[in-house]
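All remarks here apply to the structure that follows.
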Amino acid sequence: MQSSYNPWLVAMSFVVATLASCTALDLTGRIYVLASPRLRHVWRMGGALALGVGIWSMHFVAMLAFSLPIPLGYDFADTAYSLALAIGASYLALCLTTHTQLTAARLVGGGAFMGLGIAGMHYSGMAALRMSPGISYRPAWFAASLAIAIGASSAALVMAIAISGMHYVAMAAAEFAPGAICGAAAGVNAAWLATSVILFTFAILIVTLLLSRFDARTSFLVGAVSKLNGQIVRLATLDTLTGLPNRATLTERIERAIHAARRQRSLFAILFMDLDGFKTINDSLGHSAGDQVLSAFAQRLLICVRAGDTVARLGGDEFVVLSENLASRTDAAALAEGVLKRMRRDTWADSQPLQVMPSIGIALFPEDGDSVDTLLKHADAAMYEAKRAGRSTYRFFERRMNEAATRTLQIQNALREAPAERHFTLHFQPKFDGKSETLAGAEALIRLHHPQLGTLAPLEFIPIAERSGQIVQIGYWVLREACRQIRRWIAQGLPPIKVAINLSPRQLLQADLVPTMLEIVNAEGVRCEQIMFEITETVAMQDAARTIEMLCEFQASGFEIAIDDFGTGYSSLAYLQRFRVKQLKIDRFFTNGLDAHGEEGSAIVSEIIALAHSLEMDVVAEGVETESQLHMLKAMRCDEMQGFLLGKPLTAEAFGDLLRGQTLTADA
């Protein structure tokens, strides 16, 4: 299971470890000069308490920095036991190192006790998570954590390294099984733990104050520790970028809302939001621009919701609003409509020029779920339904959405494993010369055959791949496989054939798209002239200036470009001329119109062909399915045609047979 750390809390944990080490050094020096055995014993006990609490505090500040993609909590008894273990080990170490004569043996023994105490506290603290299945540890890293703890503890000046180093090496040794759950998730939570750390860190300060006899420097230490603990609480409960409550804080507030709603028999709503087009902004303008958009959206969202509503950021571009004490679902709908309406404003006080709109999913308590996880999951499913409905809108959760969300997740998993498991295949739809009807090329079409899900239509899995970003790697697979198939046909003695490959909108956002495509083609030993890339007219016109740059880069590398689905977008003649593409592909809607719309349909297709020829472009008609369409296209001097009348998509072997037959006929 993948883990992550909050870098600020990691830094705070090292500060706490350093504070504990400084306190221990001060105590050791003062105890060493005391003459009374009774006083020495009392100060050893006080020192053990201060040092043990410091070590324990560092561990749990570091655990606040640690997160897994599941809720975490701590068993109270195991947590208390780890504290007692740290204090006990500290007492034994101080007993050995504060005798009137400090020998090498006592120093090593004290370091060993201290190191083992630090390690024991850590691993008992980890046991407080009560993971199921349990945590496993890599032997090498486990041994390294013990060595660091004992070795560094023997030198008091680097005890902070011992405490921190042992913890993070030990965490590197830990392995959390996929699907594991935290059995103590309902136990000690982050807020209680943060409060405890504050109190215990102040305990270290009090001991230091007493032993330093109210030295003037302690006033600075008081302020530093107070500020430190304030930062710990803030980092543990708030999102560092936006200042909004984070996932852990939102979870606690939803839990409180559930208990309150049960007592009062009231209604509350979860509004799950995802920013439409945010990934495009982040990819094209950079992460700094993306962070500005997120911060601006967070501030605007606070203005849009009701007073008393909780606005939280889960991560990325996902935001959640918790709205309590609603009279009916109409109130939730009004809130969502209000957010969308106000977000559509052209100008805001923050002067942020990038306007982004959310898609909103709504789940209601109690009808849509009675737990935090269920409500968030159902609101997320409703949000994806809002995206499918056209984006920048809202949808309430419905039971059928669970099935759609589950299906989407299954397809995403299938797409992830498809290349390695060879579930993808390529089919090739023949393209024929408009005059002779001889084979002129092929269009590569991807197919997905999954052992559990069966054969999936491209219309089902391509949009999911596009939304998830998986389409980028899939596109590279298609090109690589098409090149390999071209080489197989050539190895069989067949003539070179040009293969057209579709490019998706997400692929066109990749800055290194052309170099990567060129690298694949060169690695597979295929000439660039044998590959033609197809871009839909709508995508080409979304950012025409950027499209021109990319088309020039493709053409300079030796690739040919076709504008697909021509007639469905909003091309201007000026841009069409500047694109300088090899082909225009007439959308099947217009091909079908040759039969359906009579003279009007014929006039449109005839004008498109004439326009393309005037710009020295070839024309390909898609979706040719009737003899009458074929005859009219021939009469209009259409250069190439493809469709079920002429040839359906074929497997690589079947297309090779077709190519072989055409070659034999031509030779005869």
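Given the structure is predicted, the values throughout are model-derived calculations rather than measurements. Both backbone and side-chain heavy atoms feed into the values below; hydrogens, waters and symmetry mates do not.
Geometrically, Lys648 engages Phe644 in a cation-pi contact defined by less than 6.0 Å to the ring centre and at most 45° from the axis.
Asp380 places no side-chain N or O within donor-acceptor distance of the main-chain N or O of Leu376, the cut-off being under 3.5 Å. A donor-acceptor contact shorter than 3.5 Å links the side chain of Arg487 to the backbone of Glu524. For Glu534 (side chain) and Asp564 (main-chain N/O), no donor-acceptor pair under 3.5 Å exists by modelled atom type. Of the possible polar contacts, none joining the Thr374 side chain to the Ser371 backbone as a donor-acceptor pair under 3.5 Å is found. In this structure a side-chain-to-backbone donor-acceptor pair under 3.5 Å is missing from Glu607 to Ile604. Judged purely by atom type and a 3.5 angstrom limit, Gln510 uses its side chain to pair as donor or acceptor with the backbone of Arg506. Proximity of a side-chain donor or acceptor of Asp433 to a complementary backbone N or O of Ser436 within less than 3.5 Å is detected.
Using a 4.0 Å cut-off between charged side-chain N and carboxylate O, Glu529 and Lys498 make no salt bridge. Glu460 has a carboxylate O that lies under 4.0 Å from a charged side-chain N of Arg407, or vice versa, which qualifies the two as a salt bridge. Ion pair Glu640/Lys435 not flagged as a salt bridge, since none of the NZ, NE, NH1 or NH2 atoms sits closer than 4.0 Å to an Asp/Glu carboxylate oxygen. Taking a cutoff of 4.0 Å between a charged side-chain nitrogen and a carboxylate oxygen, Arg660 and Asp657 qualify as a salt bridge.
Between Ile486 and Val499 there is a side-chain heavy-atom pair separated by less than 4.5 Å. Between Gln412 and Ile464, some side-chain heavy-atom pair lies under the 4.5 Å cut-off. Side chains of Gln429 and Leu650 form no contact here, defined as non-hydrogen atoms less than 4.5 Å apart.
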**OP:** Evaluate the criterion side-chain contact (heavy atoms from CB on, under 4.5 Å) for residue pair Phe396 and Glu385; output intermediate values, then yes/no.
**Re:** CA-CA 9 Å; Phe396 282 94; Glu385 188 66 21; over 6 Å; no
**OP:** Would you please test Arg580 and Glu616 for salt bridge (Lys or Arg N to Asp or Glu O under 4.0 Å) and show each step?
**Re:** CA-CA 9 Å; Arg580 296 189 178 280; Glu616 298 182 350; over 6 Å; no
Subject >> Step-by-step side-chain hydrogen bond (donor to acceptor under 3.5 Å, both in side chains) determination, Gln642 to Lys585 >> reply: CA-CA 10 Å; Gln642 65 182 93; Lys585 296 189 73 175; 3.0 Å; yes
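Side-chain N/O atoms of His613 and Asp618 include no donor and acceptor closer than 3.5 Å. Remark: the Arg488 side chain and the Gln485 side chain contain an N/O donor-acceptor pair separated by less than 3.5 Å. In this model, no donor atom of one side chain and acceptor atom of the other lie less than 3.5 Å apart for Gln629 and Thr591. For the 3.5 Å distance criterion, the side chains of Asn502 and Glu443 qualify, holding a donor opposite an acceptor. For the 3.5 Å distance criterion, the side chains of Ser628 and Asp595 qualify, holding a donor opposite an acceptor.
Between Phe424 and Phe461, the ring planes are tilted. Angles from 30° to 60° get that label. By the 30° and 60° cut-offs, the orientation of the rings of Trp489 relative to Phe655 is tilted.
Between His450 and His423, the distance from one ring center to the other falls under 6.0 angstrom.
None of Thr393, Asp276, Asp274 except one satisfies the side-chain hydrogen bond (donor to acceptor under 3.5 Å, both in side chains) rule with Ser359; the exception is Asp276.
For the atom pair Leu364 CG and Ile270 CD1, the distance stands at 9.5 Å (nearest 0.5 Å).
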